[in-house]
Trainee: 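Below you'll find the structure I mean.
Just so we're on the same page: letters track the sequence lines, and every chain starts at 1. If you're wondering where the values come from, they're calculated on a predicted model, not measured in any experiment.
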There are 2 protein chains.
Amino acid sequence: MPQMTLRDIAYALGLSVSTVSKALRDSYEISKDTKERVIAYARTNHYLPNRMAKSLKEGKSGSIGVVVCSIDNSFVSRMLDGIDGVCAQAGYDIVIMQSKESLVQEKSCLKQLEARGVEGILISPSAETIGFEHLLALRETGMPIVLFDRISERFESDQVGIDNYHAAFQATEHLLANRYRRIAMLNIGLDIPFARLRSAGYLDALKKKHLTYGKQLIRPCWPDTGETLKDRVRASIQSLFELAEPPDALFTATDQLSTLSLSVLHEMGHRIPEDIALIGFSNTELADVLTPPLSTIYQPALEIGRLAAEKLIGLISGRGLSEEYETVILPAQLHIRDSSRPGVKVQVNG
Amino acid sequence: MPQMTLRDIAYALGLSVSTVSKALRDSYEISKDTKERVIAYARTNHYLPNRMAKSLKEGKSGSIGVVVCSIDNSFVSRMLDGIDGVCAQAGYDIVIMQSKESLVQEKSCLKQLEARGVEGILISPSAETIGFEHLLALRETGMPIVLFDRISERFESDQVGIDNYHAAFQATEHLLANRYRRIAMLNIGLDIPFARLRSAGYLDALKKKHLTYGKQLIRPCWPDTGETLKDRVRASIQSLFELAEPPDALFTATDQLSTLSLSVLHEMGHRIPEDIALIGFSNTELADVLTPPLSTIYQPALEIGRLAAEKLIGLISGRGLSEEYETVILPAQLHIRDSSRPGVKVQVNG
DNA sequence: CTGTTAGCGCTTTCAG
DNA sequence: CTGAAAGCGCTAACAG
């Protein structure tokens, strides 16, 4: 039997379809006796309700759409784990789609998810996503949306993420405290809301120390077509070392940039932190066993995923209809390790 | 407008629902003129066909179920990326579920996916999955299934994975060639088909060199309740070092065991490879920048995902009805780095 | 307590 | 070429 239906049960038991339906849903209007018969039959014959039919009927699919830049990313997959945990618990399953950092792709994902009838959407916008009109439009249709990870002040919405500005500020201050003075930054596209905040935190920390090179040492790393991100990172670092005054420290703004920079610096034969110190956003559990142990800004990925999913499920179930959008800011943690330990160049006074 | 339907279009254009439906599907029985009107209207009003309805009607959901042990695993997420690429291309979306290495959980995932109406299933079985009756039963109902990554000779099915026996044999031989003689192995549960093969490869390599300690140096790492995998790894390594003749090399049978072992050995203050050499299955791109650079057996994760997805889509579309199940074995690559470089203990002849 | 009926949005005969 | 009608499997309002 390919797929048993209510009709099959009804026929076998000499009942009507609706009676069977109600019995299975434990309706008060069905006799205990009938319920038992129906349930017993359903069990022994491994009846499985057809969710497509149920979905169509009820107008809800029992699934949630998740859009991320890429699934093949340790930070992202950790957040997905958090999301999945909460959703599975609540009986939703998740449909994951990848934007691959493309806005066009992101829109296409959203369209598909909408068509598929997901009841809500969790999204970490692509790097190309500057405006949020498409999300606004989607929300207009009644689709609950929660932004996670890559949050933005420019989009009024429920959001869960970290304080990017503050985290970057702290990391830069840490480098400064360890006597580094020419701190370069590798960032992804500068227009991206969260990347912007990370730059701003970095710049403000420099300003506070009266360092005046401003944006000169920031390198946006956005691969051209036919180029890998690693190529871009290599070129950026190369260009920094070719400066008249090369940097003595490097601050990397994303998980991928951090580990790629480490690889590239190794390739190029630079010693860390002697030649250049390094600190970056990163969630790898391997930070401790890297060469050298990598100082990182750790983001609570699992927690971000969990909270975002909980918020969304709240919205779907109609709670949190408070009209008020809520932005949850989780703290990021500075994990200081060897790659940013105090430089040996002693500051000569006078 | 929450969701526009064919009826809305029909009403707006003074046509019937079926005409609109046919027009949109470019049926030959509809005039060019009508088609154009309908299509134009649909476009400008952003009509999206309701996939739940379509699914119900056609009995197919346009989605594929994927069951993995955990999504938060760099090796797994890479395979998922491969799967997603192929599926997205073919117009399927994927519903990912996690077994968390539990058979009960795995069965539950399968049930849910079946109920959801996925058209096929890609599964990397849990560590507890010794028998395959549940998969057999599911396939009996007509569900196409492809096993990937954790393949098994005990289950006649389409499968995509690597030659576990040979990879383990090679890795062990490599250690032997570098003069290591007491090689320990960390594995996960010993009953798991692929883990078994890895043990077998290891044992046969030892046997070939007439090393007689056999299984004594194998440690299955399976966390007890309330214990993390890392705790288990720590305890296992501890026990190895407490032996009268402790090992001079360690071979780890999975991605996680490899990186955890590295961490634990660091924690315990052992030098690698001076105190103990290390080689393991691992797909981390960070292998080169670890301390020391880690020798690994690299599995073509993306490719495994891709091929498995292609195979499944082939099955779904009715191709490959050859009755013959096909097992695709991809080569794993030995990436030799410092963690297994030749030991200093010179073998004295005579 | 149980059954009949209508309909979710779409596709697909089968008549016009 | 177009439309009416049936039905996918399920739920729910409404009769009996």
Side-chain angles (χ1 to χ4, degrees), chain A residues 1-39 41-42 45-63 91 112 114-119 141-142, chain B residues 1-39 41-42 45-63 91 112 114-119 141-142:
Chain A
M1 172 109 47
Q3 245 287 70
M4 184 168 25
T5 71
L6 288 185
R7 240 184 75 179
D8 299 324
I9 303 183
Y11 183 78
L13 265 40
L15 293 169
S16 79
V17 172
S18 67
T19 303
V20 174
S21 170
K22 286 172 187 160
L24 287 174
R25 331 191 80 238
D26 199 29
S27 160
Y28 65 98
E29 21 176 20
I30 302 295
S31 74
K32 201 177 163 196
D33 178 56
T34 311
K35 276 185 193 168
E36 278 166 4
R37 281 208 306 148
V38 171
I39 290 171
Y41 186 90
N45 294 73
H46 306 105
Y47 166 73
L48 264 184
N50 179 323
R51 274 185 79 171
M52 290 186 281
K54 188 172 161 156
S55 295
L56 173 59
K57 176 65 188 171
E58 298 180 340
K60 28 181 100 170
S61 63
S63 61
Q112 288 193 61
E114 189 187 1
R116 154 126 285 141
V118 297
E119 296 182 42
T141 72
Chain B
M1 171 110 45
Q3 244 289 68
M4 180 167 28
T5 71
L6 288 185
R7 239 186 74 181
D8 299 322
I9 302 183
Y11 183 79
L13 265 40
L15 293 168
S16 79
V17 172
S18 64
T19 302
V20 174
S21 171
K22 286 172 187 162
L24 288 174
R25 332 193 77 237
D26 199 29
S27 160
Y28 67 96
E29 24 177 18
I30 303 295
S31 73
K32 201 177 162 195
D33 179 56
T34 311
K35 278 184 193 168
E36 278 167 5
R37 280 208 304 149
V38 171
I39 290 171
Y41 186 89
N45 293 72
H46 305 106
Y47 166 73
L48 264 183
N50 180 322
R51 273 186 79 170
M52 290 187 280
K54 189 171 163 164
S55 295
L56 173 58
K57 178 65 188 172
E58 299 180 340
K60 31 181 95 171
S61 62
S63 61
Q112 288 193 62
E114 190 187 359
R116 156 124 285 142
V118 296
E119 296 181 43
T141 73

Trainee: How would you list, by chain and number, every residue that makes a salt bridge (charged side-chain N to carboxylate O under 4.0 Å, His left out) with Arg37(B), sequence neighbours excluded?
Mentor: none
Trainee: Are Asn50(A) and Thr5(A) packed together at the side-chain level, in the sense that at least one heavy-atom pair is separated by less than 4.5 angstrom?
Mentor: no
Trainee: For Ala115(A), give me all partners under side chain to side chain contact (heavy atoms under 4.5 Å, CB included), at least two apart in sequence or on another chain.
Mentor: Leu48(B), Arg51(B)
Trainee: By side-chain hydrogen bond (donor to acceptor under 3.5 Å, both in side chains), which residues pair with Ser31(B), not counting sequence neighbours?
Mentor: Thr34(B)
Trainee: Would you please name every residue forming a side-chain hydrogen bond (donor to acceptor under 3.5 Å, both in side chains) with Ser21(B), sequence neighbours left out?
Mentor: none
Trainee: CG of Asn50(B) versus P of dG9(D): gap in Å, rounded?
Mentor: 17 Å
Trainee: For Asp26(B), check side-chain hydrogen bond (donor to acceptor under 3.5 Å, both in side chains) against everything at least two apart and list the hits.
Mentor: Lys35(B)
Trainee: If you take all heavy atoms of Ser61(B) and Met52(A), which pair is closest and at what distance?
Mentor: CB-SD, 3.9 Å
Trainee: Rounded to whole Å, how long is the line connecting atom CD1 of Ile9(A) with atom C1' of dG9(D)?
Mentor: 12 Å
Trainee: Tell me whether the side-chain N/O atoms of Arg25(A) come closer than 4.0 Å to OP1 or OP2 in dA12(D).
Mentor: yes
Trainee: Would you indicate, yes or no, if dC10(D) has its OP1 or OP2 atom less than 4.0 angstrom from a side-chain nitrogen or oxygen of Tyr47(A)?
Mentor: yes
Trainee: Anything under 4.0 Å to a heavy atom of chain A counts; send over the first and last such nucleotide of DNA chain C, read 5' to 3'.
Mentor: dC1(C) to dG9(C)
Trainee: Not counting sequence neighbours, which residues clear side chain to side chain contact (heavy atoms under 4.5 Å, CB included) with Glu58(A)? List them please.
Mentor: Arg25(A), Lys54(A), Lys60(A)
Trainee: Please examine the side chains of Val20(A) and Val17(A), heavy atoms only from C-beta on, and report whether any two atoms are closer than 4.5 Å.
Mentor: no
Trainee: For Asn45(B) and Tyr47(B), indicate whether the former's side chain and the latter's backbone hold a donor-acceptor pair under 3.5 Å.
Mentor: no
Trainee: Output a table of nitrogen or oxygen pairs between the protein and nucleotides 3-6 of chain D separated by less than 3.5 Å.
Mentor:
{"from": "dG3(D)", "atom 1": "OP2", "to": "Ser16(B)", "atom 2": "N", "distance (Å)": "3.1"}
{"from": "dG3(D)", "atom 1": "OP2", "to": "Thr19(B)", "atom 2": "OG1", "distance (Å)": "2.6"}
{"from": "dG3(D)", "atom 1": "N7", "to": "Ser18(B)", "atom 2": "OG", "distance (Å)": "3.2"}
{"from": "dG3(D)", "atom 1": "O6", "to": "Lys22(B)", "atom 2": "NZ", "distance (Å)": "2.0"}
{"from": "dA4(D)", "atom 1": "N6", "to": "Ser18(B)", "atom 2": "OG", "distance (Å)": "3.0"}

Trainee: For the helix from dC1(C)-dG16(D) to dG16(C)-dC1(D), how many degrees between its two end axes (five pairs per end), to the nearest 10°?
Mentor: 50°
Trainee: Give the residues of residues 30-38 of chain A touching DNA chain D, defined as any heavy atom closer than 4.0 Å, sorted by residue number.
Mentor: none
Trainee: For Tyr28(A) and dT11(D), give me the distance from atom OH to atom C1', rounded to whole Å.
Mentor: 14 Å
Trainee: Take the protein atom CD of Glu58(B) and the nucleotide atom P of dG7(D), then report the distance between them rounded to whole Å.
Mentor: 18 Å
Trainee: Who pairs with Ser55(B) by side-chain hydrogen bond (donor to acceptor under 3.5 Å, both in side chains), at least two apart in sequence or on another chain?
Mentor: none
Trainee: Quick check: do Val38(B) and Ile30(B) have side-chain heavy atoms less than 4.5 Å from each other?
Mentor: no
Trainee: Which pair of heavy atoms, one from Arg116(A) and one from Gly62(B), lies closest together, and at what distance?
Mentor: NH1-O, 3.9 Å
